[in-house]
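Data block below; observations after.
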Amino acid sequence: MVEDQHTHDEVLESALDTPMDAESQALSEALRSSFGIVKLVMVLLIAVFFGSGFFTVGPQEQAMIIRLGNPVGGHRALLGPGLHWSLPYPIDEHIKVPITAIQKVTSTVGWYATTPEQEMAGTEPPVYGNQPINPLVDGYVLTADRNIIHARATLTYHISDPVGYVFNFVSASNSVQNALDNALLSAGSTFNVDDILTRNVTGFKEAVLRRATELLAKENMGIEVDDCQVRSTRPRQLKDAFESVLKALDTRGKTLNNARNYENQTVSRASADAQSLTNSAESDRVRMVNEITSQAQRFNELLPKYRENPNLFVQQRLSETMGRVLTNVQDKIFLTESTDGKPKELRLMLNREKPKPAAETKP
Amino acid sequence: MKKNPLTLTIGLLLIFIVGLLLFVYQVRTSEVVVVTRFGKPDRSEVKPGPYLRFPWPIENVHRFDQRVQNFEDKFTEGTTRDGFTLLSSVYVGWRIVDPKVFYPNFAASSEPIMAAEQLLDGRLSQAKASIAGKHLLTDFLSSQGEGNKFVDIENEILAAVQSELRTNSYGLKIEFLGIKRLGLPESVTQSVFERMQSERKLLADKLQWDGESEAQKIRSEADRRAADIIANASGEAVRIQGLGEAEAAKSLAVFQQNPDLAAFIFRLSALEGSLNQRSILIFDQNTPPFDILRGASTNLLHK
């Protein structure tokens with residue numbers, strides 16, 4: 001179309017050079033009016049040419065201008081949403097890239113196939129017994145102890161070098177995803193199942209993150225990793241088996257708690273008993289010492305009286321004490337001497353329930 | 001009508017623009033270009049910038065994306081050196097480095113990139129199989145300390161494919177390679193599940209027994225500590241008692257003055273102490289003061 005215009009232009013110029021007569025005047029009139037139209041078209045074409053440099057950027061994308069093959073603006077080359085203008089091709093070109101501020105990729109290997117509905121509800125697709133895993137349907141990760149588990153990593157990153165991100169990779173986010181898948185797999189291959197699931201969850205996560213960061217740096221992706229989340233779970237087929245371990249763990253905890261309770265109780269009871277033992281020993285000691293002391297005192301008082309007349313003193317004290325004792329005694333049994341002068345025999349039945357050698361009183 | 005300078009300028013500008021469009025093309029940073037003259041590859045441009053060309057149909061410009069392409073090969077089976085079947089797939093990032101070599105190799109296809117990836121797929125499968133055959137299963141799967149060679153294996157596959165690509169030049173280069181998926185044949189997963197199940201059972205049992213024996217240990221330890229405490233306290237009680245006795249012994253000197261009287265007093269107080277509550281006393285007439293009933297005290301009358 002532009003070429004057509006070009007040739008018209010030459011025709012017009014040659015026409016204007018010829019001398020005028022009535023006929024040619026009419027012709028020149030006609031030519032002039034058509035020349036006006038052609039001028040208008042030319043101006044329009046120029047306007048279209050330069051106007052083609054306008055473009056808009058949508059909210060979910062950014063754009064870059066490429067001048068003579070090189071991106072304009074280096075590391076701050078990204079143009080945000082809005083209207084922009086670049087020089088027309090072949091000087092400038094613009095390309096649009098679907099980039100948001102925060103990028104997020106999720107690993108595609110390692111998790112069983114779910115539907116979005118199941119994902120939302122947090123339910124697992126049903127399985128029967130030890131149903132084998134079809135590797136083409138459900139993904140999984142093999143662990144260092146050659147077990148099967150499911151794991152899923154989500155990586156959040158931002159683009160630190162948009163030029164590299166856009167101009168070095170056909171699909172940079174796919175490359176990130178591949179690196180993440182690889183990181184998940186290689187980390188899984190060095191961890192045992194229990195470490196991944198319970199014992200060293202953080203360690204596993206860090207291993208994934210470390211490997212992913214390493215790969216992304218090596219591949220010059222021009223991105224910076226912000227965060228990495230790893231979720232892992234046992235195969236659905238082994239739900240019961242894994243739960244039984246959890247239950248055993250729980251029972252173990254309870255058993256240990258009971259034992260610790262027992263420990264606390266026993267030790268504190270023993271301490272209390274020990275305290276009362278020493279306390280009573282202490283009070284016994286005090287009582288004994290007091291008693292002896294008071295008896296010694298009494299002895300000292302009595303000694304002069306005894307020395308005056310030992311026999312009388314003894315008789316007197318004895319009778320006095322007997323008298324006091326007898327008033328306190330509940331039952332008193334008095335045996336008279338038998339006529340033949342031999343002592344009488346007295347039989348007592350004590351504690352019928354528990355037979356013991358019957359006590360015999362002898363005079 | 002005179003020549004209008006404005007018209008002239010516009011005309012020249014248009015000629016310039018048309019010339020620009022016909023004779024100049026741009027190579028982006030992300031592209032490489034092969035220019036063919038009458039269908040024959042004439043030159044290639046790898047550096048970005050504007051270049052001159054003859055217009056169609058003399059010269060033709062073929063552009064190729066020179067950015068890193070992602071390619072993932074098929075999930076194929078391989079056998080390890082120790083006879084385990086392992087499914088694997090790898091991803092590669094590859095790019096066109098020499099368009100002049102690349103173009104004739106894949107120009108026949110309408111999708112040269114896909115044609116190249118088909119070629120890669122075959123090469124990768126071969127390399128994977130041969131490298132897997134050199135390694136044990138434990139090289140793929142084992143903890144860090146036990147000779148995990150995951151990364152080494154990747155590097156070996158990469159080296160194998162790269163040397164293959166070097167000998168038969170295709171104008172492309174693999175930038176990086178990694179294992180994307182690892183798996184076991186479907187039938188094997190079932191036996192893995194069975195093994196895992198018995199491992200779980202073992203673990204659960206072990207936990208239970210461990211818990212019980214641990215609890216038993218705690219209990220017996222507690223009993224021992226309690227016994228220790230009581231024994232210590234008993235010792236302490238005995239010591240206190242001894243202390244008391246030692247203290248009491250000091251008073252013995254007092255009783256030494258007249259042991260007979262002392263014995264008498266002790267016996268009296270013992271008697272009194274033992275008979276003070278709810279006791280039954282049986283005695284005969286020899287017991288003083290009841291001997292008086294037998295007439296012992298008549299001595300007094302005889303005196």
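Numbered from 1 within each chain, the chains take letters A, B, ... in sequence-line order.
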Given that the side chain runs from C-beta out, which part of [X] has a heavy atom under 4.5 Å from chain B: side chain, backbone, both or neither?
| X | answer |
| --- | --- |
| V267(A) | both |
| T251(A) | neither |
| Q265(A) | neither |
| L238(A) | side chain |
| F169(A) | both |
| T108(A) | side chain |

Using non-hydrogen atoms only, which part of [X] is less than 4.5 Å away from chain A: side chain, backbone, both, or neither?
| X | result |
| --- | --- |
| R195(B) | side chain |
| R95(B) | side chain |
| I113(B) | neither |
| L182(B) | both |
| L184(B) | both |
| K201(B) | neither |
| N148(B) | side chain |
| I230(B) | both |

#### Entry: Near-ring test F266(B)/F255(B), centroid separation under 6.0 angstrom
yes
### chain A contacts, top residue of Q208(B), Q197(B), E245(B) (heavy-atom pairs, under 4.5 Å)
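Winner by heavy-atom pair count: Q197(B).
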### Query
For chain B, which of D195(A), D240(A), L215(A), N182(A) has the most heavy-atom pairs under 4.5 Å?
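The option with the most such pairs is N182(A).
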### Summary
Pair count under 4.5 Å, heavy atoms only, with chain B: among T293(A), N168(A), N257(A), D194(A), highest is N168(A)
